[in-house]
There are 2 protein chains.
Amino acid sequence: MAEKQLRRSLAILPMSTVMALTDLSARQIRYYETQALVHPARNEGNRRRYSLNDVDRLLEVKDGLASGMDFATMRRLYAKTHQVESTQLESKRLSDERARHLLEAEMQQLAGMRPPQSGLQQRL
Amino acid sequence: MAEKQLRRSLAILPMSTVMALTDLSARQIRYYETQALVHPARNEGNRRRYSLNDVDRLLEVKDGLASGMDFATMRRLYAKTHQVESTQLESKRLSDERARHLLEAEMQQLAGMRPPQSGLQQRL
DNA sequence: TCTTTCGTGTCAGAACTTATGACATGAAAG
DNA sequence: CTTTCATGTCATAAGTTCTGACACGAAAGA
């Protein structure tokens, strides 16, 4: 299960994808970051790279806002979780090699029973 | 079930991520596409966007090559699968809104309880 | 052995995407 | 009436990806 968490923590999505997935504007997504509600990783070129967990968090923030909750509150709410996450990640130091294997495992599972794939909608 | 398939078909990854995940060069990835072994979607700006299924396929191709198989062979091998996929997909037309919900569900599951397992291939 | 074909590397120039910072604003809050 | 909040919108710089072209060692043919 440590695997699972790692998989979800892999920073693999660019801003455009996150925008499409959350229906939030780049401005909003970056703003929530200044509010310490998400902490995307950065690639070597300084571009943000989000994990599935990040997208999840953004959707929660979106919901929170919709229901009148303010950032300070949500920040407090996520505080503990945050620490845990970062602690785990820092002590892991995941290499691309390892990440690849985790992803493979992930896909294998998802592939379980299957009539495979192909590309569909382009937008996201 | 149909859900899972769709989720895995979401074109959400940029070239750089796929390169890191597969350890293949952009050149290789694009070449395999000219060989009709992968069919990434494109965003509005004409940038390739890969799905988890695409990454899966690329890893299979990589393995195939490593074990002396040639493209023509792999192409034939994947041919049938392809048709099925595209047929299904064309009749689906997924909206961003819907994709978002599917992704959420996906993440929920992943977050749930899942027994991972390494190793890949078979079915070849 | 000479000639293709393969699978990749690498370069160039154009086009697309994302980053940061600044100015602007309607809605709330004070 | 004046701030603060959450976003929109611009501008400029820099990172990323696209296509096409030239090159090349290795394998396959002739």
Side-chain angles (χ1 to χ4, degrees), chain A residues 10-51 54-55 57-78 96 99 119 121-124, chain B residues 10-51 54-55 57-78 96:
Chain A
L10 290 179
I12 58 180
L13 310 174
M15 178 59 89
S16 55
T17 294
V18 177
M19 290 171 68
L21 255 27
T22 62
D23 199 37
L24 289 171
S25 67
R27 184 70 166 81
Q28 292 175 297
I29 297 173
R30 296 197 197 102
Y31 183 57
Y32 300 163
E33 184 180 339
T34 71
Q35 298 305 303
L37 290 169
V38 246
H39 307 295
R42 298 276 184 144
N43 68 4
E44 292 202 349
N46 194 44
R47 266 52 205 172
R48 272 169 268 251
R49 282 298 176 268
Y50 299 83
S51 67
D54 290 327
V55 174
R57 168 62 54 78
L58 286 171
L59 289 170
E60 293 178 5
V61 171
K62 189 182 175 186
D63 273 22
L65 279 181
S67 48
M69 197 178 300
D70 63 39
F71 290 163
T73 305
M74 291 191 266
R75 208 176 301 138
R76 245 176 287 123
L77 210 83
Y78 301 141
D96 280 7
Q121 37 38 290
Q122 25 224 10
R123 294 266 29 221
L124 42 161
Chain B
L10 290 178
I12 58 181
L13 310 174
M15 179 58 89
S16 55
T17 294
V18 177
M19 290 170 68
L21 256 26
T22 62
D23 200 35
L24 289 171
S25 68
R27 184 71 167 80
Q28 292 176 298
I29 298 172
R30 296 196 197 102
Y31 183 57
Y32 300 164
E33 183 180 340
T34 71
Q35 297 306 303
L37 290 169
V38 246
H39 307 294
R42 298 278 185 143
N43 68 6
E44 293 201 343
N46 196 43
R47 266 51 205 171
R48 272 169 267 251
R49 283 299 177 266
Y50 299 82
S51 67
D54 290 327
V55 174
R57 169 62 54 79
L58 286 171
L59 289 170
E60 294 179 2
V61 171
K62 189 183 174 185
D63 273 21
L65 279 180
S67 48
M69 197 178 300
D70 63 41
F71 291 162
T73 304
M74 292 190 265
R75 207 176 303 138
R76 246 176 286 121
L77 244 159
Y78 301 140
D96 281 8

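Only heavy atoms go into these numbers, but all of them, side chains included; no hydrogens, no water, no symmetry mates. Proteins come first, then strands; the chains are lettered A, B, ... in the order of their sequence lines, and each starts at number 1.
The salt bridge (charged side-chain N to carboxylate O under 4.0 Å, His left out) check on B:Glu33 picks up B:Arg42, B:Arg48, with sequence neighbours excluded. The ring-ring contact (aromatic ring centres under 6.0 Å, His included) test applied to A:Phe71 returns A:Tyr31, A:Tyr32, not counting sequence neighbours.
Side-chain contact between B:Leu13 and B:Leu21: present, with at least one pair of heavy atoms (C-beta onward) separated by less than 4.5 Å. A 4.5 Å side-chain heavy-atom check between B:Arg49 and B:Pro40 finds every atom pair outside the cut-off.
Between A:Arg47 and C:dT17, a side-chain N or O to OP1/OP2 separation shorter than 4.0 Å is absent. Distances shown here put a side-chain N or O of A:Arg48 below 4.0 Å from the OP1 or OP2 atom of C:dA19.
One interatomic measurement links the two molecules: CG of A:Asp70 to P of C:dG30, which rounds to 11 Å at whole-angstrom precision. Rounding to whole angstrom units, CD of residue B:Glu44 and P of C:dA15 are separated by 18 Å. Between the NZ atom of B:Lys62 and the C1' atom of C:dT8 there is a distance of 14 Å, rounded to whole Å. Whole-Å rounding puts the A:Leu13 CG to C:dT17 C1' distance at 15 Å. Note: CG (B:Asp63) to P (C:dG7) measures 16 Å, nearest angstrom. As rounded to whole Å, 14 Å separates atom P of C:dA29 from atom CZ of A:Phe71.
With hydrogens and angles disregarded, a donor-acceptor distance shorter than 3.5 Å links the side chain of A:Asp54 to the backbone of A:Ser51. A distance-only check finds a donor-acceptor pair linking the side chain of B:Thr22 to the backbone of B:Leu24 [under 3.5 Å]. Between the side chain of A:Arg75 and the backbone N or O of A:Gln35, at least one donor-acceptor pair lies under 3.5 Å.
Within the 4.0 angstrom heavy-atom criterion, no nucleotide atom of any strand lies near A:Arg49.
Here the nucleotide nearest the side chain of B:Leu65, chosen from C:dT8, D:dA6, C:dA15, is C:dT8. For B:Asn46, counting side-chain heavy atoms from C-beta on, the closest listed nucleotide (C:dT18, D:dC18, D:dG8) is D:dC18. Between C:dT8, D:dT16, C:dT17, one nucleotide has an atom nearer to the side chain of A:Asn43 than all others, and that is D:dT16.
Less than 4.0 Å separates DNA chain C from at least one heavy atom of each of the following residues of residues 26-35 of chain B: B:Arg27, B:Gln28, B:Tyr31, B:Tyr32.
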